[in-house]
Amino acid sequence: MEGGGGEKNASVFSEFGPTDVFDPSAPPPFKIAEIRAAIPKHCWIKSSWRSLSYVLRDLLVIFVLAAAAIYFNAGIFWPFYWVAQGTMFWAIFVLGHDCGHGSFSDNSVLNSLVGHVLHSAILVPYHGWRISHRTHHQNHGNVENDESWVPLTEKLYKSLDYSTKMLRFTVPFPLLAYPFYLWTRGPGKEGSHFNPNSKLFAPNDRNDVITSTVCWSIMVALLISLSFAIGPIQMLKLYCVPYLIFVMWLDFVTYLQHHGYEQKLPWYRGKEWSYLRGGLTTVDRDYGWINNIHHDVGTHLIHHLFPQIPHYHLVEATEAAKPVLGKYYREPKKSGPIPFHLIQNLARSIKEDHYVSDSGEIVYYQTDSELYKSSRDKSN
């Protein structure tokens, strides 16, 4: 194996000698309080009515799409329906995600009610996921404690069998990972988002997790009942295929929030990690027309540092924070109407970003140069 990106470069050489370049792992010259102070005060204000208006908008689109699919029931319409409905499933996931952060409303009961309805509808256990996602935010960029798309250490990577490596590092398989993550998490981690006794949760989380698992089970029972009422094929077309599109959106977006930038970004351990330094490795992305549909979830750095900010203020908050962030903010590449350019970022990262060193407090992804050679050898 050869290590790609295992060392950080503090300078590059030109014909005139060494030239300093920005080191993204360097401790920033500003404090998180300075970023907070730069953000207008109104960006922190949550409006329950405004948040609910987005829920109503998304649910109306979902029901109109389903009604149109049932009415037309034509082969030429179904592919459009699947992509559009799967994207809307992803949109309501983002609103449920806001409920989990408390950025949906100052009313915790409303957050919990809306979060359960939206997430259960797309087979996500609201509290189980909310708690693990909170762990992700509290430890973002930390190799040992982060929860979402965490790098494998070299030792753990080498312990995986060949099939597991290929599934994890060959598109499109990583885009189907989310349901498996909910049940079993990832390599090197144990627990289930449905089990109140899982290592994911503290004892005082037990009742919340049970509630979410019951809501999820009710939704599964409802889907099974509908399958008998309208037929399994119709249920497959109306719900199951859009659900798979939703899963692909979720894995696509969340992976690119922390991976695939043109310059390799650091991961931390020990004393080098801090909440601010971890958050500054988050990558903003532009999704073209999809930005509005999925509630600006691509505007992610400020969200990671301040998850209390409602999604409809993230763009303004980011613009206000840019002068403080300087080079630690990576301006996203502008997208066309559909973000096809991001597919290349995803494919390149999955092909190159395989593991990090077992030691060191600042580490970068390295590449197993033999992985795909083995695949070609097996196919010959």
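Heavy-atom basis, side chains included; hydrogens, waters and symmetry copies ignored. Worth saying up front: this structure is predicted, and the values here are computed from it rather than measured.
Here the straight-line distance linking atom CG of L371 with atom CD of E352 works out to 12.5 Å at 0.5 Å rounding. Distance check, rounded to the nearest 0.5 Å: CD of Q308 to SG of C43 gives 13.0 Å. One finds the CD1 atom of I35 at 6.0 Å from the CD1 atom of I302 (value rounded to the nearest 0.5 Å).
For the residue pair Y268 / E272, no side-chain donor-acceptor distance below 3.5 Å is found, with atom types taken as modelled. Under the 3.5 Å distance criterion, with hydrogens and angles disregarded, a donor-acceptor pair is assigned to the side chains of H136 and D146. Side-chain contact of D98 with H311: a donor-acceptor pair under 3.5 Å is present, judged by distance alone. In this model, a donor atom of one side chain and an acceptor atom of the other lie less than 3.5 Å apart for D23 and S25. In this model, no donor atom of one side chain and acceptor atom of the other lie less than 3.5 Å apart for W267 and T281. Side-chain polar atoms of W90 and H294 form a donor-acceptor pair below 3.5 angstrom. Side-chain polar atoms of H259 and Y365 form a donor-acceptor pair below 3.5 angstrom. H101 and H133 share a side-chain donor-acceptor pair at under 3.5 Å.
Considering only heavy atoms from C-beta on, F169 comes within 4.5 Å of Y157 through its side chain. Between T153 and Y355 there is no side-chain heavy-atom pair separated by less than 4.5 Å. Under the 4.5 Å side-chain criterion, counting only non-hydrogen atoms from C-beta, T87 is not in contact with F246. At least one side-chain heavy atom of F252 sits less than 4.5 Å from a side-chain heavy atom of L342. The side-chain heavy atoms of H137 and H304, taken from C-beta on, include a pair separated by under 4.5 Å. Between F30 and Y328, some side-chain heavy-atom pair lies under the 4.5 Å cut-off. A heavy-atom distance below 4.5 Å is not found between the side chains of I293 and V61. Residues V253 and R285 are not in side-chain contact: their nearest non-hydrogen atoms beyond the backbone lie 4.5 Å or more apart.
For H127 and H116, the ring centers are positioned less than 6.0 Å apart. Aromatic ring centres of H97 and H303: separated by under 6.0 Å. Annotation: F72 is not in aromatic contact with W78 [ring centroid separation under 6.0 Å not met]. A ring-centre distance under 6.0 Å is found for F93 and W129.
For the side chain to side chain donor-acceptor pair (under 3.5 Å) test, residues two or more places apart in sequence or in another chain that qualify with D284 are Y329. Taking Y239 as the reference, nothing meets the side chain to side chain donor-acceptor pair (under 3.5 Å) condition, with sequence neighbours excluded. When the side chain to side chain donor-acceptor pair (under 3.5 Å) test is applied to Y312, no partner is found at least two apart in sequence or on another chain.
Hydrophobic clustering keeps V83 apart from V247 (ILVMFWY residues linked when any side-chain heavy atoms are closer than 4.5 Å, directly or through intermediates).
For F77, the CZ atom sits in a packed shell: over 12 heavy atoms of surrounding residues, nucleotides or ligands are nearer than 6.0 Å.
The salt bridge (Lys or Arg N to Asp or Glu O under 4.0 Å) contacts involving residues 40-65 comprise K46-D106, where partners must be two or more places apart or lie in separate chains. Listed by first then second residue, pairs satisfying salt bridge (Lys or Arg N to Asp or Glu O under 4.0 Å) with a partner in residues 112-140 read R130-D208, not counting sequence neighbours. The salt bridge (Lys or Arg N to Asp or Glu O under 4.0 Å) pairs that include a residue from residues 302-328 are E319-K322, K322-E331, where partners are two or more places apart or lie in different chains. Pairs of residues two or more places apart, or lying in two chains, never qualify as salt bridge (Lys or Arg N to Asp or Glu O under 4.0 Å) while including a residue from residues 220-235.
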Which atom pairs, one a donor and one an acceptor, fall under 3.5 Å between side chains of residues 172-188 and the rest of the protein, sequence neighbours left out?
| unit_1 | atom_1 | unit_2 | atom_2 | d |
| --- | --- | --- | --- | --- |
| Y181 | OH | E147 | OE2 | 2.8 |
| T184 | OG1 | F180 | O | 2.9 |
| R185 | NE | E147 | OE2 | 3.2 |
| R185 | NH1 | E190 | O | 2.4 |
| R185 | NH2 | E147 | OE1 | 2.7 |

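Distance alone, capped at 3.5 Å, is enough to place a donor-acceptor pair between the N345 side chain and the G260 backbone. A distance-only check finds a donor-acceptor pair linking the side chain of N107 to the backbone of L110 [under 3.5 Å]. At distances below 3.5 Å, at least one donor-acceptor pair connects side-chain atoms of D358 with backbone N or O atoms of E154. A donor-acceptor pair under 3.5 Å links the side-chain atoms of W216 to the main chain of L123, judged by distance alone. Listed for the N139 side chain is a donor-acceptor partner under 3.5 Å among the backbone atoms of T135.
Other residues sharing the hydrophobic cluster of I76, ordered by chain and number and joined by side-chain separations under 4.5 Å: none, the residue standing alone. In the hydrophobic clustering (ILVMFWY side chains linked at under 4.5 Å, chained through shared members), V283 is joined by Y261, L265. Cluster partners of I233, using a side-chain heavy-atom cutoff of under 4.5 Å among ILVMFWY residues and allowing indirect links: none. Residues L60 make up the rest of the hydrophobic cluster containing V64, defined by ILVMFWY side-chain heavy atoms closer than 4.5 Å, directly or through other members.
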